[in-house]
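Model, not experiment: these values are computed from the prediction. Just follow the structure's listing: the first ligand is 1, and inside any ligand the first atom is 1.
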Amino acid sequence: MDPFEILFSLIICLLLSSVKSTSSDSPFLTKERLAEIPMKFLNMAQRPEVFDWMVNIRRTLHEIPELGFEEFETSKLVRTELDKMGIPYKHPVAITGVVGYIGTGKPPFVAIRADMDALAMQENVEWEHKSKIPGKMHACGHDAHVAMLLGAARMLQEYRNDLQGTVILVFQPAEEGGGGARKMLDTGILENVDAIFGLHVSSKYPIGTVAARPGPILAANGFFDAVIKGKGGHAALPQTSIDPILAASNIIISLQHLISREADPLDSQVVTVGKFQGGAAFNVIPDSVAIGGTFRAFSKDSFRQLKQRIEEVIIRQAAVHRCNATVDFEADYRPFYPVTVNSNRLHDHFQTVAENMLGSKSIIELQPMMGAEDFAFFAEAIPGYFYFVGMHNDSKGQSVPGHSPYFKVNENVLQYGAALHAALAVTHLLGGPATLSVQKESLHDEL
Ligand SMILES: *[C@@H]1O[C@H](CO)[C@@H](O)[C@H](O)[C@H]1NC(C)=O
Ligand SMILES: *[C@@H]1O[C@H](CO)[C@@H](O)[C@H](O)[C@H]1NC(C)=O
Ligand SMILES: [Zn+2]
Ligand SMILES: [Zn+2]
């Protein structure tokens, strides 16, 4: 070796070692360090450049709430932030939806999802970032969900070269009744995805906790609209009319009997008539009445049975009163939401990640609820897992539940949501709980 060659290899060695040393304090996304990953992401999410940035995004979105399939400004904000981070994405997916990609661009694929839409209601909270759009409000926390997913994206992008596969970011439109998830799935964009995770903020559970369970967690949900046609006339001469108000009243009572007399008392079901429209004068029997409502069940069979009986009861009970009725289950193109079912395999994965991040005492067993989630479509097509992230803080007073005009997000929750998204995705790409238990066993062997 001549001196020049020695010098040259020395320089190469130095270069390599310097490259190695700068990267060695970053790559923690390895199988060996799987159990540390959740906590690392939580620490990262607490850093001001991530946390404050998420808070800002959430507040910006809170001021500009948009309804299902109209999330144009929200979608634009998401894309602007992804552009700034250099994260590639596809758009539009289902009108306003955005699908981003971080990692190798190759399988395995794991998806994390946020919903973007707001509700048609007036905000009654007086604060600096109150909704600027009259009659629209982020009263379900989807503004926080978008901020959390962007927060996760930011952290994952920092470690994109360490990812053992691809994390797919799903920003979906129209969760609140529009079936945005189904519309996204219809485009085929989520084929070959191994798992999908979704979360919802909850003012019921304390900040720093999560609530989840395997199997069915949220009900299947359907809508019905019915018109009961009678014959209008003078209120003082009922014998010359056919009264649709009385018919509709009996229909509503009979519908409740489906739950009390036909459903298994241990198989939760709900029928609620939330709409009853007809008549405008105290001395007139109207020509017709419109009613509408929702029905919920926890299994496909119960749901199908309930739907069939709702139709029969409305039509036949109307006939008892000499009225004619029509029933429509597809008005306004609102799709039925299936039961949201959490995968058992992903439940183990979630438990391990949440335990590593928050401690086992912070994992609450979720009670199934009659609420419904658009996430159900994803979880029907792909192994899915949906969980709640607590945000109640006693010292901040009473928490108001979602869909209230007084709903408030405790922004502290953003760090937990972002960190859970990122940690669940990364550890899933690394092999998930199977790898973790192997790791535990081998640690045990060493001891
Ligand atoms: C109900 O429909 C039948 C058959 O079309 C019709 O003869 C009857 O008049 C209708 N009744 C009412 C109240 O509209
Ligand atoms: C709850 O709120 C208080 C008052 O704002 C704050 O000091 C505390 O850190 C919060 N607790 C948690 C767990 O976020
Ligand atoms: Zn909602
Ligand atoms: Zn919601």
Side-chain angles (χ1 to χ4, degrees), residues 42 45-46 51 55 61-62 65 67-68 71 113-121 137-149 172-181 198-210 217-218 221 226-233 238 240-248 278 285-289 314-326 337 340 357-359 361-362 369 371-376 386-399 401-404 407-417 419:
L42 183 58
Q46 289 164 342
F51 183 75
V55 168
L61 290 176
H62 194 83
L67 303 183
E71 306 93 337
R113 166 273 200 178
D115 38 16
M116 304 192 287
D117 55 329
L119 290 157
M121 57 191 283
M137 177 188 179
H138 266 296
C140 202
H142 299 184
D143 48 350
H145 297 169
V146 173
M148 287 165 168
L149 193 58
Q172 79 146 86
E175 189 284 324
E176 301 279 4
L199 61 77
H200 208 294
V201 294
S202 164
S203 34
K204 183 174 167 193
Y205 302 106
I207 182 89
T209 69
V210 288
I217 55 163
L218 294 162
N221 174 25
V227 176
I228 293 99
K229 169 95 177 57
K231 189 174 149 219
T240 64
S241 306
I242 299 173
D243 184 356
I245 289 195
L246 185 62
I285 292 170
D287 212 42
S288 68
V289 165
I314 292 174
I315 287 168
R316 293 183 189 178
Q317 190 59 263
V320 167
H321 295 268
R322 297 177 295 148
C323 290
N324 291 336
T326 52
Y337 284 11
T340 306
M357 187 186 297
L358 308 166
K361 287 205 186 87
S362 299
M369 280 173 284
E373 243 293 335
D374 198 24
F375 188 82
F386 191 76
Y387 56 98
F388 289 86
V389 187
M391 59 175 186
H392 173 72
N393 182 338
D394 263 338
S395 56
K396 290 188 177 171
Q398 191 108 35
S399 293
H403 292 216
S404 157
F407 178 76
K408 273 190 260 183
V409 163
N410 173 3
E411 289 169 337
N412 232 345
V413 75
L414 297 175
Q415 57 183 306
Y416 296 107

Any donor and acceptor pair, going by atom type alone, linking the side chain of Gln415 with main-chain N or O of Asn412 inside 3.5 Å? yes

Number the atoms of ligand 2 from 1 as they appear, then name those within less than 4.0 Å of a heavy atom of Ser395, with their elements. 1 (C), 2 (O), 3 (C), 4 (C)

Determine yes or no for a side-chain-to-main-chain donor-acceptor pair under 3.5 angstrom, with Tyr337 supplying the side chain and Gly179 the backbone. yes

Atom 11 (N) of ligand 1: nearest protein contact (heavy atom, Å): Asn324 ND2, 2.9 Å

When rounded to the nearest 0.5 Å, the distance separating NZ of Lys231 from OG1 of Thr240 is 6.5 Å

What protein heavy atom sits nearest atom 14 (O) of ligand 2, and how far off is it? Asn412 ND2, 2.9 Å

Taking 4.0 Å as the limit for heavy-atom contacts, which would you say applies to Lys231 with ligand 1: side chain only, backbone only, both, or neither? neither

Distance-only side-chain donor-acceptor flag, Asn393 / Ser395, under 3.5 Å: yes

Short side-chain to backbone donor-acceptor contact, Asn410 and His392, under 3.5 Å: no

Would you call Asp115 and Arg113 a salt bridge, taking side-chain N to carboxylate O under 4.0 Å as the test? yes

Indicate yes or no: at least one non-hydrogen side-chain atom of His145 is less than 4.5 angstrom from one of Leu199. yes

Quick one: the NE2 of His142, the Zn ion (ligand 4), NE2 of His200 angle, rounded to 10°, please. 120°

Would you mind listing which atoms of ligand 1 come within a distance below 4.0 Å of any non-hydrogen atom of Arg322? 13 (C)

So, 2.8 Å as the limit: is an N/O/S atom of Cys140 located closer than that to the Zn ion (ligand 4)? yes

closest protein heavy atom to atom 10 (C) of ligand 2 is Asn393 ND2, 2.5 Å

Looking at atom 5 (O) of ligand 1, is any protein heavy atom nearer than 4.0 Å to it? no

Got the closest protein heavy atom to atom 13 (C) of ligand 2, with its distance? Ile207 CG2, 3.4 Å

At their closest point, which heavy atom of Val201 faces which heavy atom of Ala144, and how far apart are they? CG1-CB, 4.4 Å

Does the residue Gly208 have a heavy-atom contact with ligand 2, meaning some pair of atoms that are separated by less than 4.0 Å? no

Hey, is atom 2 (O) of ligand 2 under 4.0 Å from any protein heavy atom? yes

